[in-house]
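Remarks on the structure that follows.
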Amino acid sequence: MFREFRAEVEAALADALAARGLPTDDLGIEEPPEDVPATLASSVAFRLAGEVGAPPPEIAAEVAEAVDPEGYEYLARVDSQGPYVNFHAGEAYLADTLVAAQDGEYGRLPDRDTSVVVEHTSANPTGPVHVGRARNPILGDAIARVLDFAGYGVERHYYVNDAGRQVAVFTWAYETFDESDLPKPERDRADYDLVRYYRKGNQFLEDADPEEVEAAEAEIESIMRGLEAGDDETYERVERVVDRVLSGMRDSLERLPAEFDAFVKETEFIRDGSADDVVDRLKDTEYAVYEEDAWQLDLSAFGIEKMLVFLRSDGTTLYTTRDLAHHEWKFANYDAAVTVLGEDHKLQADQLKAALEILGNDTDQLSHAIYSYVNLPDGKMSTRRGTGVDLDDLLDEAIVRAREEVEKRLDSRIRDDELDEEDVERIARQVGIGAVRYDIVSKQPTKAITFEWERALDFEAQSAPYVQYVHARCCGILEEAESRGIDVGAIEFGGGEAAADLDPSVLDAPEERDLLRTIARFPAVIEEAAEDLEPHVVATYTREFAETFNAFYRECPVLAAEDERRRDARLALVNASRATVANALSVLGVEAPTSM
RNA sequence: GGGCACGUAGCUCAGUCUGGAUAGAGCGUCGGACUUCUAAUCCGACGGUCGUGGGUUCAAAUCCCAUCGUGCUCGCCA
């Protein structure tokens with residue numbers, strides 16, 4: 001209801017100002033501090049002081065007087081406090097919020113009939129996913145979920161780099177080295193198995209005799225040429241390695257979970273000729289220059305000083321050339337495209353956008369979500385060098401520690417439900433993985449993260465379990481209600497005749513009203529997170545929500561409420577809370593346990 | 001060196017885009033609350049030159065300029 005209320009406030013204030021011939025371009029609508037009872041406020045009086053020639057408090061009082069709440073559904077009262085105009089929501093605001101949030105899909109915004117392709121992760125298929133890379137799928141998946149919940153038609157794509165030097169090196173190494181020369185794999189899975197060849201190959205290229213290296217390089221180059229020429233046999237050799245490594249990486253990603261609608265291969269854009277088509281079209285533009293036998297793009301008109309080579313002197317395309325074809329394909333098939341990238345790809349992303357514009361595309365369709373890398377306290381993670389923490393190890397450790405916490409609490413449980421081994425397993429997994437995911441998704445993407453075990457696996461407040469616990473509490477109350485024969489789903493609202501009819505106005509405790517007001521804001525939080533591609537605002541919201549709910553939980557007994565009307569209203573409020581926190585967690589990709 | 005990001009309590013972070021009411025949380029420290037719908041919870045105390053210096057403004061953590069520190073980047077790699 002917050003979004004509706006905000007729209008009413010804007011309209012009412014603009015009307016009042018316009019009627020007095022005052023400018024309405026900046027209404028100064030803001031959320032007041034916590035101790036101010038209003039739902040929204042305006043600081044417009046400051047700006048009008050010069051215009052009107054009166055002190056702001058005087059103007060604020062006048063404006064408050066001039067705004068007419070008549071005819072609005074939720075705007076009940078307007079007053080002023082010092083220089084601020086305060087807007088108060090009426091009973092209908094809270095009552096309608098309570099009703100709306102009974103819907104299990106509460107917070108989902110109306111369908112926008114707009115398709116968005118979210119490309120994320122797209123890690124080179126060279127080995128197991130490590131924690132340094134894990135921010136991408138966690139952020140990317142959350143962005144996809146937020147957009148979906150905000151009413152977009154979302155597809156998730158993983159762009160597979162199966163045409164670059166790295167996979168050529170990999171293919172050569174796989175075909176060259178013998179398993180008996182390799183260390184034991186860290187796990188019994190394809191990506192852990194094959195990465196040994198990749199590491200061995202890279203090590204060889206660094207350390208071996210120059211002659212041997214030269215021979216190896218010749219082989220690697222022939223693989224790259226074969227790919228470029230669309231040679232089927234080479235393609236099959238490479239795919240044999242790529243597909244197997246990728247299947248292992250997918251297993252890791254699915255644990256987060258991060259799943260994809262499509263794995264789009266770079267080689268597709270070579271084989272269907274679209275990369276060549278891009279080259280031909282770029283050559284004809286005024287930005288194209290032929291220097292040192294290579295075709296390049298002068299992007300200085302776009303504020304980019306670095307030249308973009310789009311065709312090598314040997315006539316082969318580059319990653320970016322193929323990515324241009326890839327993006328034109330996205331533009332042809334979707335209304336919008338979002339790509340989640342590490343900050344090290346920032347320049348490349350800018351070049352890509354400029355080149356797409358030169359090719360005549362509307363680049364407003366393309367947004368990049370850029371995040372900073374996750375480093376270890378003593379340096380970078382690298383698949384090639386084998387430094388870094390594998391995502392699987394982090395998730396395993398998280399589950400082990402979560403399990404210890406569950407077991408530690410088993411004895412002291414007040415609640416007399418019996419958790420069996422299956423429950424313990426489930427809770428450990430939900431909490432452990434949720435904690436890792438939440439830790440990463442709750443921070444601004446631009447901020448660098450240094451990975452530390454203890455911090456990533458801290459289950460205390462401001463973590464996933466803190467929020468998950470609220471959900472479990474809601475479920476506990478609702479379950480208890482059901483077991484006492486109260487049909488929460490059948491509680492009806494306002495004006496009905498049954499005794500169980502619910503009257504939201506009995507929710508008059510400050511904790512109840514705070515909770516409803518917080519629930520009312522949820523759809524606006526989704527809207528903001530989707531617009532800015534910043535799911536961390538949803539995480540911030542879940543914390544505020546959990547705090548507000550816990551205050552309610554402390555002060556307002558539900559099942560032991562003084563009378564039935566109050567009990568039923570509170571049950572509805574718990575039901576609304578459950579839907580809100582469940583959906584907020586779902587948007588973050590964090591599971592919501594029904595018991596903990 | 002050029003470009004881009006980041007710098008808020010001892011530590012980890014919200015708030016910055018869109019300037020506005022005494023700058024908010026958590027961890028840690030100290031002190032309290034379980035015969036109660038789950039204590040992975042709650043309540044209280046302590047803790048801040050919002051990197052620094054200028055500027056714009058009635059008003060700056062927020063905008064502009066400079067500066068310091070950190071990270072990323074500046075391949076016919078991806």
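Chain naming here is simple, since letters A, B, ... match the order of the sequence lines and numbering starts at 1 in each. Small disclaimer: the values here were computed from a predicted structure and weren't measured.
Residue A:Val406 is in base contact, counting any heavy-atom pair closer than 4.0 Å across all strands shown. At a threshold of 4.0 angstrom between heavy atoms, the contacts of A:Phe310 with the nucleic acid are absent. Residue contacts for A:Ser595: at a heavy-atom cut-off of 4.0 Å it reaches a base atom on one of the strands shown. At the heavy-atom level, A:Asp162 lies nowhere under 4.0 Å from the strands shown. Across all strands shown, A:Glu547 has heavy atoms under 4.0 Å from sugar-phosphate atoms exclusively, and none from any base. Residue-level contact check: A:Ala49 touches neither bases nor backbone, having no heavy atom under 4.0 Å from any strand. Heavy atoms of A:Phe46 sit under 4.0 angstrom from at least one base atom. Within 4.0 Å of A:Arg409, counting heavy atoms only, lies at least one base atom of the nucleic acid. Residue A:Ala41 is in base contact, counting any heavy-atom pair closer than 4.0 Å across all strands shown. Residue-level contact check: A:Cys556 touches the bases, meaning some heavy atom is under 4.0 Å from a base atom. Residue A:His536 is in sugar-phosphate contact alone, with no base atom involved, counting any heavy-atom pair closer than 4.0 Å across all strands shown. Looking at heavy-atom distances under 4.0 Å, A:Thr446 makes contact with sugar-phosphate atoms alone, never a base. A:Leu347 comes within contact range of the sugar-phosphate backbone alone, with a heavy-atom separation under 4.0 Å but no base atom that close. Residue A:Val431 is classed as a base contact, given a heavy-atom separation below 4.0 Å to a base.
A close approach under 4.0 Å does not occur between any side-chain nitrogen or oxygen of A:Arg484 and OP1 or OP2 of B:C37. Within the 4.0 Å cut-off from OP1 or OP2 of B:A78, not a single side-chain nitrogen or oxygen of A:Asn124 is found. At B:G7, one or more side-chain N or O atoms of A:Lys447 fall inside 4.0 Å of OP1 or OP2 (strictly under the cut-off). Taking side-chain N and O atoms only, A:Tyr373 has no distance below 4.0 Å to OP1 or OP2 of B:C6. OP1 and OP2 of B:A25 both lie 4.0 Å or more from every side-chain N or O belonging to A:Tyr466.
Residues A:Tyr466 and A:Arg543 approach most closely at CE2-O, 4.2 Å, considering heavy atoms. Minimum heavy-atom separation, A:Leu27 to A:Val44: O-CB, 3.6 Å.
When the P atom of B:G75 is taken as reference, atom OH of A:Tyr319 falls 18 Å away, rounded to whole Å. Taking atom CG on A:Leu341 and atom C1' on B:A78, their separation rounds to 12 Å, with Å as the unit. One atom, CG of A:Asn136, and another, P of B:A78, lie 18 Å apart when rounded to the nearest Å. Protein atom CG of A:Asp439 is 9 Å distant from nucleotide atom P of B:C13, rounded to whole Å.
Taking a 6.0 Å sphere around CD of A:Glu454, one finds it holds 12 or fewer heavy atoms contributed by other residues, nucleotides or ligands.
Not one N or O on the side chain of A:Arg521 forms a donor-acceptor pair closer than 3.5 Å with the backbone of A:Arg517.
The same atom, C1', is picked in B:A45 and in B:U49; the two are 24 Å apart, to the nearest Å.
Aromatic rings from A:Phe451 and A:Tyr373 are positioned such that their centres are separated by 6.0 Å or more.
Distance from the side chain of A:Gln81 is smallest to B:A21 among B:A14, B:C42, B:A21. If you check B:A21, B:C72, B:C37 against the side chain of A:Val36, the one that comes closest is B:A21.
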